[in-house]
Amino acid sequence: MSRDYILQPFRSPIELQIDYAKELNPQQHAAVTAPPGPALVIAGAGSGKTRTLTFRVAYLIEQGIPPEKILLLTFTNKAAKEMMRRVADLLGSDPAGAGLWGGTFHSIGNRVLRRHANLLGYQQDFTIMDREDAKDLLNACIGEAEIDVKATRFPKAEVLGDIFSMSLNTEKTIEAILAEQYDYFSELAPLVIDLQKRYVARKLSTNAMDFDDLLALWLKLLQNNAEVREHYQRRFQFIMVDEYQDTNKLQGDLIDLLAARHKNVMVVGDDSQSIYSWRGANFRNIIDFPQRYPGAQVYKIEVNYRSTPEILSVANAAIAANVNQFAKKLSPARKSGNKPTIVTCHDGGEQAAFVAQRVLELREEGEDLNQMAVLYRSHFHALELQLELTRRNIPFSITSGIRFFEQAHVKDVAAFLKLASNSRDELSFKRLVRLLPGIGGKGADKLWAKFQEVERSVSSIVQFAVTGDVPQAESETENLKPRKQNFIAIALQKCAASVPKKTAAAWAQFTATLAQLETDPVRGDPSRMIRLVIEAGYKEHLQEEYANYRQRLEDLEQLANFAQQFKTLEEFLSQLALLTNVEAEDNQAVNDNEQLRLSSIHQAKGLEFDVVFVVMLCEGLFPSARSLEDLDAIEEERRLFYVAVTRARNELYLSYPLIRMIPGGSGDMMQQPSRFLGEIPKELVEEWNLRPYDPYG
């Protein structure tokens, strides 16, 4: 029979070096000095979460807890380094050098697996694959399985990787992931499951792990090896987790298993900022923490050091309607400022004009462009704005690093329109043919040379047919007369004999698509042309190529709506050129200068700005149309709105257009303002109604 003998921590007789009561506000102090046991710290936006965590680590060490008994888990290397640096500054020594383990989930997983890889059949010098390596290995598995990718419309390696990743991180079966997110591949479930098994075996045989293995195999190691599990449970007497609201099921299980012995786990986060369910984050981890850890203490840190009282009043109102939350009320530490503004605009163009004009006014008043941001639910919400900023020569950057018009799927569709407009567009031709199976760079070069040769011949024949000056020897010109504009498609058809056999079917579809683009009434109408390209096979290409297929398809549908405002194809393509090539070159020259920040709200989380504009606050856009029938989805959309509001320090503008174009060009439709705007009491905001300038006053 065995029993536990408790070793009490040795405490030096010297007094604490840090005056915690002086350095922290009462709410922070309560969390930092919490007694042992499970604790949930709800740290509101701008409340000093990082400060609380770092002082907690310092406090534990000053209380006599050996640094090697502490584990600090974060989501980014930047956060880990910052916290370790702050702890070192507080204590006057390097905590990592003293044995404290602090880092991202994946870095700690790598550290553990390096010590025990042999228990999983790996060697300690295993390789960690990046996404490109994983893609190559998956392609090898596809080849080994002899899957005819095109014949079965099989997902590409990148999409397979995302399916496998989501399955591991959510601990759901492949069948469940396909049914929930990739229903168009559900019938391929047996093949996908077989490929996953092959992929796992290949990784083991090559002594390689992918990024997800660093967590999944870490958990497997702890679950299947009692000795290793007990070692780490004994070692890590105190566990702290940053951004707990963003953990997935796998990470939650890891934390629970590591903390099972001592229960001294402190998780810090904000349930109101849980916005990543689409990439596997499990909102229930933070909401259900008190149920999973009976007796857990809940600490709320609600003093906000970022925003004015007026902005915080709107933030509190914005999140109040959510049922699933830890109720909290952000209180200000700053002096009063301007009320947030709700701006009603006629349409997307007027909304863009308002933002651009207000940005310039604020710049004249002394605000730095770098401290201003425009936030939106989806990238296509900023279409009109990017055009307006470019027209007014206002420099801007996009957080993702890729402007809407420079994304691969947008450029692909634009290439169809460019080639239809200009048969001599070599770049567009090569871009499109490289999308076809069996054609690489050299193949594209050869096909371009052949196409030029044939196109010149066909073009001259078509010209004869148009003028009536038709040589009798050219018998085929009779067939060309009713197709005067279709010489690009005819040239492509004549090139069919030069393409590989595996490309033949795709080439026929490519040819048919160009033929339709050249036919009235589609020809010259950029909106109709875009929709035709989507329906003529590009939609299926998106499904096979991208895990975020639905988002990219929505981008293209909105691009078609955007194109309705242009009377000709040439006008639309000219604006595309202005928004990509010219503007990209301009911004290279101002990289070191001020730039207005454009960002999706997801990518702006953790950032803050003096001035924030939140645009396109319409029902069906924000909240998104897909969320309207699901309570959990609506609550996450509301949390996303809360995140947007709490990015602002001094000024906040919330805008929406009254009308939008109906898809298909059949007119305009009225927009309903977002329900989130209706949930804000009118006395908390100013309302601006835009009107055109009247020179006569």
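Atom set for the values below is all heavy atoms of this structure, side chains included, hydrogens, waters and symmetry mates excluded.
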With distance as the sole criterion, is a donor-acceptor pair present between the side chains of [X] and [Y] under 3.5 Å?
X: D256; Y: Y293; answer: yes
X: N322; Y: Y642; answer: no
X: R229; Y: N225; answer: no

Tell me, please, which residues at least two apart from K69 pass side-chain hydrogen bond (donor to acceptor under 3.5 Å, both in side chains).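 By the side-chain hydrogen bond (donor to acceptor under 3.5 Å, both in side chains) rule, K69 matches no residue at all.
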Does a salt bridge link [X] with [Y], judged by any charged N lying under 4.0 Å from a carboxylate O?
X: K605; Y: D246; result: yes
X: R202; Y: D136; result: no
X: D288; Y: R284; result: yes
X: D270; Y: K49; result: no
X: E180; Y: K172; result: yes
X: K329; Y: E302; result: no
X: E535; Y: R531; result: no
X: E619; Y: R675; result: yes

So how far is it from M166 CE to I174 CD1, rounded to the nearest 0.5 Å?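 The CD1 atom of I174 is 11.0 Å from CE of M166, to the nearest 0.5 Å.
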Look up atom NE2 in H106 and atom CG in D212, then write down how far apart they are to the nearest 0.5 Å.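 Those atoms lie 6.0 Å apart.
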Looking at A189, is its backbone amide N or carbonyl O close enough to the side chain of E175 to form a donor-acceptor pair, meaning the two atoms are under 3.5 Å apart?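 It does not hold such a pair.
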Is the number of heavy atoms from other residues, nucleotides or ligands under 6.0 Å of K539 NZ greater than 12?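 No, the 6.0 Å shell around NZ holds no more than 12 heavy atoms from other groups.
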Full working for ring-ring contact (aromatic ring centres under 6.0 Å, His included) between F238 and H262: CA-CA 8 Å; F238 287 85; H262 297 290; 7.9 Å; no
Test item: D271 and Q245 side chains (from C-beta on) under 4.5 Å apart, heavy atoms: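 Side chain of D271 against side chain of Q245, heavy atoms only: no contact under 4.5 Å found.
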